[in-house]
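Values below: all heavy atoms of this structure, side chains included; hydrogens, waters and symmetry mates excluded. Throughout, a chain's letter reflects where its sequence line sits, starting with A, and its residues are numbered from 1.
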2 protein chains.
Amino acid sequence: MRIGQLAQLVGVETQTIRFYEQQGLLPPPDRQDNGYRVYTEKHGEGLAFIRRCRILGLSLAEIHELQSYQDDPHQPCTAVNALLDDHISHVRSQITALQALEKQLVSLRASCNDDREVEACGVLAGISEGKMHQQ
Amino acid sequence: MRIGQLAQLVGVETQTIRFYEQQGLLPPPDRQDNGYRVYTEKHGEGLAFIRRCRILGLSLAEIHELQSYQDDPHQPCTAVNALLDDHISHVRSQITALQALEKQLVSLRASCNDDREVEACGVLAGISEGKMHQQ
DNA sequence: TTTAAACTATAAAGCTACTATAAGGTCAAT
DNA sequence: ATTGACCTTATAGTAGCTTTATAGTTTAAA
Ligand SMILES: [Zn+2]
Ligand SMILES: [Zn+2]
Ligand SMILES: [Zn+2]
Ligand SMILES: [Zn+2]
């Protein structure tokens, strides 16, 4: 299986596959005589794993860490669970921050209607005068 | 006022100020004979504006756009309000996406306890087997 | 058979919004 | 004279790719 087929199978671009290889997330495949990469099913599974991790918002470093745990399967999985817990709390704090941001933006938006000149725009005035709840 | 003082006043690093100048967000200040930048109060206000926009999550491009509106103050402020509306909906869709993500992560986490081996880890199994709600 | 499309390869740059580092010039005080 | 704090420019690094450039290979059509 060549890189293009693998890419289509998993739904990524070929460059992304090369990029993961370069980053040490995908093992370097064998090469044909012409230098073309040849992939196996294992590679397909590995790539799909990476993609699902990415969809879950895990960083490449976190994925790397998960892979290292997979490499000795008889360790307790505490670290895996902890990694996910950390990630969840990270996501939660992002949500909290964005919700606070949304509140600020909405109140800023409410300070203007559409029938003003830029000079008198409540939004611009609100930003300029620093009428923002700091944090 | 030199760059260090301005930086301390507004609470940014000097490099950030030079960076904004380079990006066309801050007008190039006059220079002393030795080449040092000299800033006025106007620059201070401009920089504070930029920083407050950044705190609101606006991109440099969006800030640039806002500045262009400020440059002719007798236009209607419709575009300003629209920019903010767009940004709000952007923030909201981020929140929605993160909440969906959190749900996925929590359910994934629930599929494991701390007393397993990596081999049997519910989290890793969940990712590997693609038991994820796509999207 | 020639040629063009589609594929592969590597290397390097671009994206965002900075931050950090390097190497050096300026200025006040000691 | 030298230290230290400040300033200058230029360059690289961060994350996770995407895009571009340049070139070699395979496959299919004309
Ligand atoms: Zn994380
Ligand atoms: Zn307005
Ligand atoms: Zn925005
Ligand atoms: Zn587990």
Atom-to-atom span, CD of A:E21 to P of D:dG16 - whole angstrom: 18 Å
Contact nearer the 5' end of DNA chain D, comparing B:R31 with A:R51: B:R31
Distance below 4.0 Å between A:N34 side-chain N/O and D:dG24 OP1 or OP2: no
Main-chain N/O of A:Y69 paired to A:Q75 side chain as donor or acceptor, under 3.5 Å: no
Nearest-nucleotide comparison on DNA chain D, the residue closer to the 5′ end among A:S59 and A:Q15: A:S59
Residue B:T16, side-chain heavy atoms: nucleotide from C:dA9, D:dT9, C:dT19 that is nearest: C:dT19
Contact under 4.0 Å: B:Y20 side-chain N or O vs C:dA17 OP1/OP2: no
Spacing of B:E13 atom CD relative to C:dC18 atom P, expressed in whole Å: 11 Å
Under 3.5 Å: donor-acceptor pair, side chain of B:T14, backbone of B:I3: no
Proximity to the side chain of B:F19 - top-ranked nucleotide from D:dT25, D:dC7, C:dA17: C:dA17
A:V123 backbone acceptor or donor facing B:N81 side chain under 3.5 Å: no
Sugar-phosphate, base or nothing in reach of A:R18, heavy atoms under 4.0 Å: base
Any A:R2 side-chain nitrogen or oxygen under 4.0 Å from OP1 or OP2 of C:dC7: no
Donor-acceptor pair, side chain of B:S68 and main chain of B:E65, under 3.5 angstrom: yes
A:R37 side chain near C:dA9 phosphate (N/O to OP1/OP2, under 4.0 Å): yes
base_contact_polar (D:dG24 base, A:Y36 side chain, donor-acceptor, <3.5 Å): yes
d(CD, B:E62; P, C:dT16) in whole Å: 12 Å
